[in-house]
S.K.: 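Please see the structure below; I have some questions.
Not measured: the values here are computed from a predicted model.
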Amino acid sequence: MNVQPLLDALGLQEDAARALADDLRAQVDGLQGRLGEAEIHLEHLAITRKTVTALADRISVQADSPDLPEHPDYPRILAVFNEATGPLRARDVCEALDHALLPKNIEGTRAKLKRLVKLDIITKDEAGSFARKQNPNERRGQRS
């Protein structure tokens with residue numbers, strides 16, 4: 001029995017499969033490069049969003065609170081209180097600011113909240129919760 005024609009046919013199929021595999025590897029390499037570029041672009045967009053949000057918060061809060069300290073967290077803290085429906089603990093504010101919930105971060109946030117209390121911008125109750133001070137019109141349900 002002559003198996004040479006069968007071996008030749010298998011050789012052709014192997015060559016075609018190798019060529020296809022090489023082509024697919026090249027496509028995968030190209031896609032991995034494009035994926036890497038897209039991920040870097042997403043990171044840059046996230047940084048830009050964070051920067052723009054911080055600047056916008058800072059501008060709006062500085063207009064409302066000219067005595068606000070210079071640290072970039074203060075406008076963001078006030079923005080958190082503007083969105084809150086009730087009192088917040090230092091841990092809640094830290095979490096809303098996307099800080100890692102480490103003791104040093106929570107204590108740093110608590111110190112900033114206490115400074116805002118001293119500046120008469122927010123209030124603190126006995127239980128350690130903080131809230132945005134309401135102006136008289138808001139207490140009566142009238143928004144200005």
Side-chain angles (χ1 to χ4, degrees), residues 5-144:
L6 180 60
L7 293 175
D8 291 341
L10 286 173
L12 289 174
Q13 288 183 0
E14 286 175 341
D15 291 342
R18 273 191 204 96
L20 177 62
D22 290 342
D23 184 47
L24 290 173
R25 280 188 203 96
Q27 288 180 24
V28 166
D29 289 342
L31 290 173
Q32 284 178 333
R34 289 177 58 197
L35 176 61
E37 291 170 5
E39 288 173 340
I40 289 170
H41 188 64
L42 282 171
E43 289 175 17
H44 290 168
L45 289 172
I47 291 167
T48 301
R49 175 181 293 280
K50 192 172 187 177
T51 302
V52 168
T53 302
L55 289 174
D57 290 345
R58 184 176 212 162
I59 290 169
S60 68
V61 169
Q62 282 178 347
D64 295 340
S65 306
D67 297 332
L68 201 61
E70 284 295 315
H71 193 281
D73 274 352
Y74 286 100
R76 295 179 62 219
I77 288 169
L78 291 183
V80 168
F81 279 101
N82 286 338
E83 297 293 321
T85 58
L88 299 171
R89 299 188 63 75
R91 179 183 179 91
D92 301 327
V93 175
C94 196
E95 187 174 9
L97 295 175
D98 292 327
H99 294 316
L101 295 179
L102 300 172
K104 68 176 187 172
N105 293 342
I106 295 169
E107 289 306 315
T109 301
R110 183 174 287 111
K112 289 178 182 84
L113 293 171
K114 287 180 179 181
R115 185 162 185 198
L116 291 173
V117 169
K118 285 182 183 177
L119 292 171
D120 203 33
I121 296 173
I122 64 173
T123 61
K124 179 182 179 210
D125 65 19
E126 297 82 28
S129 294
F130 298 86
R132 181 81 189 246
K133 288 190 92 167
Q134 294 181 339
N135 67 37
N137 290 336
E138 286 178 340
R139 274 187 230 124
R140 288 189 297 248
Q142 302 167 350
R143 298 238 165 178
S144 50

S.K.: Determine the minimum heavy-atom distance between F81 and F130, stating which atoms define it.
M.R.: CE2-O, 3.2 Å
S.K.: Return the CZ to CD1 distance between R115 and I122, rounded to the nearest 0.5 Å.
M.R.: 12.5 Å
S.K.: Could you grab the distance from atom NZ of K112 to atom CG of L78, nearest 0.5 Å is fine?
M.R.: 12.5 Å
S.K.: Looking at A90 and T109, what are the two nearest heavy atoms and their distance?
M.R.: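 So the minimum-distance heavy-atom pair works out to O-CG2, 3.7 Å.
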S.K.: CD1 of I40 to CG of L35: how many Å apart, nearest 0.5 Å?
M.R.: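 Rounded to the nearest 0.5 Å, the CD1-CG separation comes to 10.0 Å.
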S.K.: side-chain hydrogen bond (donor to acceptor under 3.5 Å, both in side chains): which pairs involve residues 31-46, sequence neighbours left out?
M.R.: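 Listed by first then second residue: nothing to list.
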S.K.: Roughly how far, to the nearest 0.5 Å, is the CD1 atom of I121 from the OH atom of Y74?
M.R.: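 Spacing of OH (Y74) from CD1 (I121) equals 9.5 Å.
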S.K.: If you count the non-hydrogen atoms of other residues, nucleotides and ligands that lie under 6.0 Å from CD in Q27, is the total more than 12?
M.R.: yes
S.K.: Rounded to the nearest 0.5 Å, how far does CG of L42 lie from CD1 of I47?
M.R.: 11.0 Å
S.K.: For residues N105 and A100, report the shortest heavy-atom separation together with the two atoms involved.
M.R.: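 Nearest pair, atom of N105 first, then A100: ND2-O, 2.8 Å.
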S.K.: If the condition is side-chain hydrogen bond (donor to acceptor under 3.5 Å, both in side chains), which residues does D29 pass it with, not counting sequence neighbours?
M.R.: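 Applying side-chain hydrogen bond (donor to acceptor under 3.5 Å, both in side chains) to D29 gives none.
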S.K.: Kindly indicate whether the side chain of V117, heavy atoms from C-beta on, has any atom under 4.5 Å from the side chain of L113.
M.R.: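 The answer is no, as the side chains (C-beta and beyond) never meet within the 4.5 Å cut-off.
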S.K.: Determine the minimum heavy-atom distance between S129 and P87, stating which atoms define it.
M.R.: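 What the structure gives for the nearest pair is CB-CB, 3.7 Å.
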S.K.: How close do C94 and I106 get, counting heavy atoms only, and between which atoms?
M.R.: SG-N, 4.0 Å
S.K.: Salt bridge (charged side-chain N to carboxylate O under 4.0 Å, His left out) for R25 and D22? Distances and angles first, verdict last.
M.R.: CA-CA 5 Å; R25 280 188 203 96; D22 290 342; 2.9 Å; yes
S.K.: If you measure from the Lys or Arg side-chain nitrogens to the Asp or Glu carboxylate oxygens, is any gap between R110 and E107 under 4.0 Å?
M.R.: yes
S.K.: With a 4.5 Å limit on heavy-atom distance, are the side chains of D92 and V80 in contact?
M.R.: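 No. Closest side-chain heavy atoms not under 4.5 Å.
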S.K.: Output the distance between atom NZ (K124) and atom NZ (K118), rounded to the nearest 0.5 Å.
M.R.: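 With rounding to 0.5 Å, NZ (K124) is 10.5 Å from NZ (K118).
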S.K.: Is T53 reaching over with its side chain to a backbone N or O of R49, donor-acceptor style, under 3.5 angstrom?
M.R.: yes
